Amino acid sequence: GSRPGTTPFQRRTATPARTRPSAEPSRQPARGEDPPTGSRPGPGAWLRAWWWRFAWWVCGGLRVLGHRPDGPAIVIANHRSHADSAALLAAMPAARAPVFAAAADYWFGRRYRRWAVAVAMPALPVARAGASAYLDLRAAAASVLAQGRVVVIYPEGTRGNGADLGRFRAGAARLARDLGVPLVPAAIDGTQHVLPKNGRLRRHPVTVRFGEALHAERIPATADGLREVVSDLLATTRAPEPGRLFRVVGRWMSGPRAGLLAFAWGLAEAWSWLVLPALYLLLFAVTAPHRVLRQAAFLAAGSVAGIVTHAWLAGHGVQLPLPLTTPAMIDRAAHDLAQGPWGLLHQLFSGIPVKVYAAQAGALDPAGLALAAVVERFARILGTGAILAVLARYAQPFLRRHYPLYLVVVLTGFAVILHRVLAAWS
C-alpha cells in the first residue's frame, strides 16, 4: 500500500528512508501567491487565459504551434522578456492553469510585484540559491502537478539581453524525473520586441512553439542538453513575417507618393470613376495604419477638387460619363441641389455617388459649392479614416498573413453593396 499524505508523483519516485532527508523544509504560500494545494483550476484560470489572449490580440497577435501539454507537465522555455509568461498563459489550455517558478527575491520582495503576480499570473516563489531551494520547489510543484496543472520553469533563471540563449540550469530536468512527469520544451519569439528588457511596451506578433514531450528516459541529463533542445526548437520558431504583397503595398502607403495617389483617386471618383474613397482606404491604406488619416485627408482634398471641376465642366456643357448610375439618382441629386449648394450634404446619407451631385451642380455658385464640398467630403472621408485607423491597427496580425484573402473579401463585399444600391435606385 502507499503511504498516506504523499502525492502520486512523490510515491512514484520515493527514495528509501535511510537515504531520504529526515525532514523536508515546510513551505507556506507567500503573500499574493496562488496556494499550491487546493481545488482544481476554477473560473479565475479561465478568465486569466482569455484575458491574456485578448491582450495579445491587441498587442500584435499570438501564433501557437506544436502540441500543447494535455496533462501535468514541466514546461521549460527561453526567457527574453517579462511578456514571456503572458504568452505562455495565453498559449496553454486554461484547464492546465500554468504556474510559474518565479524568483522569490524579485517577484515577492515588493508589494506591487506580489500584487502583479496574484492578479496576472500564479507563481511559486523559488530561492535562487540555498541548500533547501530545490526541495522547496519540488514540494510545491508536486502539489500543483497533482491537480493536473503545469509548472513553467525558465532554465536561464533570468531574462536574456539578445537572441542567444543564456546559460541553462538542470533543475527542471531533475524535477521532471523526480516527479515522474514529462518535460515539454517551448520556444518563444517576438516578446523581446513587445517588451524588451528595460524597454517600453510595443506591438509585435509573437509565436510560441511547443516541442515533443520528453519522458524520463529521453530527458537530457545535463544543462547543456536542455539548452540544445530549446535552441533547436527556437531555430524553427520565428514571429510570422508579412506576405510580399502586404509589404509592397505597405511600403508604398508609407512613401512620399502615397498622398498623390490618394488625391488622384478622390479626383477620379468625383469625375467619373465608379469606386469610392472608402474603398481606397480599405484596400490600401490599412497596410500602414499610422498613415490612414493622412491618406484620408488627401482623398478628401482630391474629391473636393473633383466636385468643383466636374461642376464647372457641367456648367459649360461638358457631360462626363456617369457609369453605374440610374435616372432616379440623377433626379434625387437635382432635387437636393435645387435649394442651393448645401443640398450636397444629403449625399452623406443617400448612397448616391458624389459625381452625380457634381454633374447637377453646374449652375450653382462655385464658392458656395466648394465650401459645401469641403464640409461634406472631409466629414465623410476623415470620419471613415479615423475609424479605419483604429481598426487597422488591431487587424495588423491578420492582414500581415492574409492580405490577399482580405482583398478578395473587401472587393466581393463592395460588389454586393454596389448591386444593392443600384437595385434600390432603379
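Owing to the predicted nature of the structure, the values given are computational and were not obtained by experimental measurement. We count residues from 1, following the sequence as given.
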Note: Arg218-Glu212 ion pair, threshold 4.0 Å (strictly below):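 Salt bridge: yes.
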Listed once per pair and sorted, the salt bridge (Lys or Arg N to Asp or Glu O under 4.0 Å) pairs that draw on residues 247-268, sequence neighbours left out: none
Summary of salt bridge (Lys or Arg N to Asp or Glu O under 4.0 Å) pairs that have at least one residue in residues 298-326, sequence neighbours excluded: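 Passing the test, one end in residues 298-326: no pairs.
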Thr287: side-chain hydrogen bond (donor to acceptor under 3.5 Å, both in side chains) partners, not counting sequence neighbours: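 With neighbours one apart ignored, the set is empty.
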Which residues share a side-chain hydrogen bond (donor to acceptor under 3.5 Å, both in side chains) with Gln192, sequence neighbours left out: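 Gln192 satisfies side-chain hydrogen bond (donor to acceptor under 3.5 Å, both in side chains) with Arg80, Asp189 once adjacent residues are dropped.
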Working for ring-ring contact (aromatic ring centres under 6.0 Å, His included), residues Phe398 and His402: CA-CA 6 Å; Phe398 173 83; His402 306 294; 5.1 Å; yes
With sequence neighbours excluded, residues passing salt bridge (Lys or Arg N to Asp or Glu O under 4.0 Å) with Arg380: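 Applying salt bridge (Lys or Arg N to Asp or Glu O under 4.0 Å) to Arg380 gives Glu376.
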Side chain to side chain donor-acceptor pair (under 3.5 Å): pairs with one or both residues in residues 315-332, sequence neighbours excluded: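 Qualifying pairs: Arg332-Asp336.
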Listed once per pair and sorted, the side chain to side chain donor-acceptor pair (under 3.5 Å) pairs that draw on residues 302-311, sequence neighbours left out: Trp271-Thr309, Ser303-Arg377
With sequence neighbours excluded, tell me which residues meet ring pair (Phe, Tyr, Trp, His ring centres under 6.0 Å) with [X].
X: His335; answer: none
X: Tyr403; answer: Phe246
X: Phe210; answer: none

Worked check of side-chain contact (heavy atoms from CB on, under 4.5 Å) between Val75 and Ile153: CA-CA 6 Å; Val75 171; Ile153 297 176; over 6 Å; no
Which atom pairs, one a donor and one an acceptor, fall under 3.5 Å between side chains of residues 412-426 and the rest of the protein, sequence neighbours left out?
from, atom 1, to, atom 2, distance (Å)
Thr412, OG1, Val408, O, 2.7
Trp425, NE1, Ser350, O, 3.4
Ser426, OG, Leu422, O, 2.5

Ring pair (Phe, Tyr, Trp, His ring centres under 6.0 Å) partners of residues 346-382, not counting sequence neighbours, each pair once: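 For residues 346-382: none.
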